[in-house]
Protein chains: 2
Amino acid sequence: MECRHDALPYRVGDKWTAHVLRGLAGGRRRFTELRAEIPAVTAKVLTSTLRAMEREGAVTRTEFDENPPRVEYELTEHGRKLLGLLDMCCDWARKNWARENLVEA
Amino acid sequence: MECRHDALPYRVGDKWTAHVLRGLAGGRRRFTELRAEIPAVTAKVLTSTLRAMEREGAVTRTEFDENPPRVEYELTEHGRKLLGLLDMCCDWARKNWARENLVEA
DNA sequence: CCGCATCCTTTAGGATACTG
DNA sequence: CAGTATCCTAAAGGATGCGG
């Protein structure tokens, strides 16, 4: 059995997906909180990333009927698995990359 | 320490990189052999993929001074590590994906 | 606050033809 | 055989402004 790596339904490789996984690692976050954790992303692109991840079942989107509006995002079980994959890749990188490719957190 | 996942010098996510890693898994291959193993890729794109992987230290390119020309590609130690990462991701997928997302080899 | 509408730029990727 | 050279398309990503 082989992995069909060229037909992934998940947009794990999209520019901001990994950032969102990390941003939601600590739990439920508001849209603005996410933006603050990922300063370089624009609202439009973050929205489209989140929408895609929602379609793929990686995050849930909860809209509150308040004014001003409030929307919260949270990883699904599947999203947490994807975060686990990301961690695995980072572990791999720590073992196999030169130190210049890593950054202290 | 955290992985700088947004600044990867490697083009692992590029469309054909994983295919090339697989194609070279069995050892040294000629350009034409690679094309045969990856029928859907065009010469131009395969060339640019290989050139990028060469710059990144994942493959070596050996040109023979013959006529007709012969060029062989081979994974470096680093390329073999990347192949290991790919295998890890496939293992992860087998454990975490539904069966419809997998394909028998 | 959240995010949509609009417009724009960049780039990966591809089709086709040609060459040492 | 192993590529270049050209031209092209689609889509990701971004900038800015507006609106409930």
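In what follows, chains are A, B, ... by sequence order, proteins preceding strands, each numbered from 1. All heavy atoms count here, side chains included; hydrogens, waters and symmetry mates do not.
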Problem set entry | Candidates C:dC1, C:dG3, D:dC1 - which lies nearest the side chain of A:P68 |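 Selected nucleotide (nearest to the side chain): C:dC1.
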For this session: Identify whether any heavy atom of A:R51 sits under 4.0 Å from a base atom; if not, whether one sits that close to sugar-phosphate; answer base, sugar-phosphate or nothing.
Result: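 Counting heavy atoms under 4.0 Å across all strands, the contact made by A:R51 is with sugar-phosphate only.
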Exercise. Looking across every strand, which nucleic acid part, if any, lies under 4.0 Å from B:F64 by heavy atom: base, sugar-phosphate, or nothing?
Worked result: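 Contact class for B:F64: none.
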Exercise. With B:A36, which residues qualify under side-chain contact (heavy atoms from CB on, under 4.5 Å), at least two apart?
Worked result: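 In terms of side-chain contact (heavy atoms from CB on, under 4.5 Å), with neighbours along the sequence ignored, B:A36 is linked to no residue.
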Problem set entry | For the student: nearest non-hydrogen atoms of B:L21 and B:G79, plus distance |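 So the two residues come closest at CD2-O, 3.8 Å.
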Exercise. Which atom pair, heavy atoms only, marks the closest approach of A:T76 to A:G57?
Worked result: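 Heavy-atom minimum between the residues: OG1-O, 2.6 Å.
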Problem set entry | A:E66, A:R30, A:R61 screened by side chain to side chain contact (heavy atoms under 4.5 Å, CB included) with A:V71, the one that passes |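 So, applying the side chain to side chain contact (heavy atoms under 4.5 Å, CB included) to A:V71 and each of A:E66, A:R30, A:R61, only A:R61 qualifies.
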Interatomic distance where [atom1] belongs to [X] and [atom2] belongs to [N] [whole Å]:
{"X": "B:N67", "N": "D:dC1", "atom1": "CG", "atom2": "P", "result": "12 Å"}
{"X": "A:E63", "N": "C:dG3", "atom1": "CD", "atom2": "P", "result": "7 Å"}
{"X": "B:Y73", "N": "D:dC1", "atom1": "OH", "atom2": "P", "result": "15 Å"}
{"X": "B:R61", "N": "D:dC1", "atom1": "CZ", "atom2": "P", "result": "16 Å"}
{"X": "A:L50", "N": "C:dC1", "atom1": "CG", "atom2": "P", "result": "17 Å"}
{"X": "B:K15", "N": "C:dG13", "atom1": "NZ", "atom2": "C1'", "result": "7 Å"}
{"X": "A:R35", "N": "C:dG3", "atom1": "CZ", "atom2": "C1'", "result": "10 Å"}
{"X": "A:W16", "N": "D:dA11", "atom1": "CH2", "atom2": "C1'", "result": "17 Å"}

For this session: Find out whether A:W16 and A:L50 are in side-chain contact, i.e. whether some heavy atom of one side chain is under 4.5 Å from a heavy atom of the other.
Result: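 They are not in contact (no side-chain heavy atoms under 4.5 Å apart), so the answer is no.
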Exercise. Any side-chain heavy atom of A:R22 sitting closer than 4.5 Å to one from A:L83?
Worked result: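 Yes, at least one pair of side-chain atoms sits under 4.5 Å.
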Exercise. What parts of residues 39-49 of chain B reach DNA chain C, counting only heavy atoms under 4.0 Å away?
Worked result: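 Only B:T42, B:K44, B:V45 qualify.
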Salt bridge (charged side-chain N to carboxylate O under 4.0 Å, His left out) against [X], all qualifying residues, sequence neighbours excluded:
{"X": "B:R80", "answer": "B:E77"}
{"X": "B:E37", "answer": "B:R29"}
{"X": "A:E74", "answer": "A:R28"}

Problem set entry | Residue-level proximity of residues 23-31 of chain A to DNA chain D when a heavy atom falls under 4.0 Å |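 Under 4.0 Å from DNA chain D: no residue of residues 23-31 of chain A.
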